[in-house]
Amino acid sequence: MLARMVTRGWQVWAPSMALLFHQWQRSERPSSYQACGQVDKGVRAVSQARVLQLLCSGGLSAKAATPEEWNPSHEKQAGQMMHASQPPTAADWAPGGIWGLGTVKTLQEFGKVCGVDFTEKRIEQRALYGGQDPSMFVDT
């Protein structure tokens, strides 16, 4: 989502201190995708494959999962969940499309700022801990 925002021209910043709290544990309530009961592992796999393809291709394409993983009903189901009358098309995933990256800045410009080379799948040292000292983080 951040890549889509930046490539569409949004200027994004992150505060140096916590402004909001998000409860990560969901034991007392299901998440939205769990509550609707519509998302299965296949839909999620197709969605994740598209996002990875979009980022790793430099924003030029977002093909579906491999033929072995592909099931046309998954994309139809995902389209229904988004309240769309049709599943997303290749044009929807193209630069400037509703699900694609924007056209104001390139993915490479975004990667240079955040320290990630999406095409080469490399993360700069400064990006590993957001520019912070690693000792500030708890290893899990």
Side-chain angles (χ1 to χ4, degrees):
M1 189 177 301
L2 182 59
R4 291 180 60 225
M5 291 171 64
V6 170
T7 60
R8 289 169 186 263
W10 288 84
Q11 293 184 1
V12 183
W13 62 273
S16 60
M17 57 190 283
L19 301 176
L20 300 170
F21 170 77
H22 182 278
Q23 184 175 355
W24 288 101
Q25 297 296 325
R26 300 194 191 255
S27 57
E28 77 289 336
R29 63 177 171 77
S31 62
S32 58
Y33 69 89
Q34 292 167 328
C36 71
Q38 292 182 330
V39 179
D40 64 22
K41 289 180 182 178
V43 172
R44 190 174 207 154
V46 169
S47 175
Q48 290 172 342
R50 282 185 177 264
V51 171
L52 286 172
Q53 178 66 29
L54 184 70
L55 293 175
C56 294
S57 71
L60 300 177
S61 69
K63 297 176 184 171
T66 63
E68 302 85 48
E69 300 168 330
W70 178 245
N71 180 337
S73 68
H74 293 159
E75 187 155 325
K76 182 178 180 194
Q77 187 176 11
Q80 290 168 346
M81 287 189 59
M82 296 180 295
H83 306 290
S85 58
Q86 297 286 328
T89 64
D92 292 333
W93 284 94
I98 190 169
W99 301 114
L101 298 177
T103 56
V104 176
K105 290 188 178 183
T106 67
L107 185 64
Q108 290 74 20
E109 289 173 301
F110 169 63
K112 188 177 274 189
V113 170
C114 67
V116 177
D117 184 330
F118 295 99
T119 307
E120 296 295 322
K121 299 179 184 176
R122 278 189 278 189
I123 300 174
E124 294 178 17
Q125 185 64 34
R126 68 182 175 91
L128 287 175
Y129 294 100
Q132 302 297 318
D133 188 295
S135 66
M136 296 179 64
F137 296 85
V138 177
D139 290 331
T140 56

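- Two different hydrophobic clusters hold Phe118 and Val113 under the rule that ILVMFWY side chains link at heavy-atom gaps under 4.5 Å.
- Here salt bridge (Lys or Arg N to Asp or Glu O under 4.0 Å) pairs that include residues 125-136, with residues two or more places apart or in two chains, are Glu124-Arg126.
- With sequence neighbours excluded, no residue satisfies salt bridge (charged side-chain N to carboxylate O under 4.0 Å, His left out) with Glu109.
- Interatomic distance, CZ of Phe110 versus CE of Met5, reported as 10.0 Å (0.5 Å rounding).
- One hydrophobic cluster, built from ILVMFWY side chains closer than 4.5 Å, holds both Val6 and Ile98.
- Between atom OG1 of residue Thr106 and atom CG of residue Leu101 there is a gap of 9.5 Å, rounded to the nearest 0.5 Å.
- The hydrophobic cluster containing Trp99 also contains Trp10, counting ILVMFWY residues as joined when their side-chain heavy atoms lie under 4.5 angstrom apart, directly or transitively.
- The line from CZ of Arg8 to OG1 of Thr103 is 8.0 Å long, rounded to the nearest 0.5 Å.
- Under the 4.5 Å side-chain heavy-atom criterion for ILVMFWY residues, no single connected hydrophobic cluster contains both Leu107 and Val104.
- The shortest heavy-atom contact between Gly102 and Pro95 is O-CB, 4.5 Å.
- Hydrophobic clustering (ILVMFWY, side-chain heavy atoms < 4.5 Å, transitive): Leu54 and Leu2 are in one cluster.
- Nearest approach of Ala127 to Cys114, heavy atoms of both residues: CB-O, 3.2 Å.
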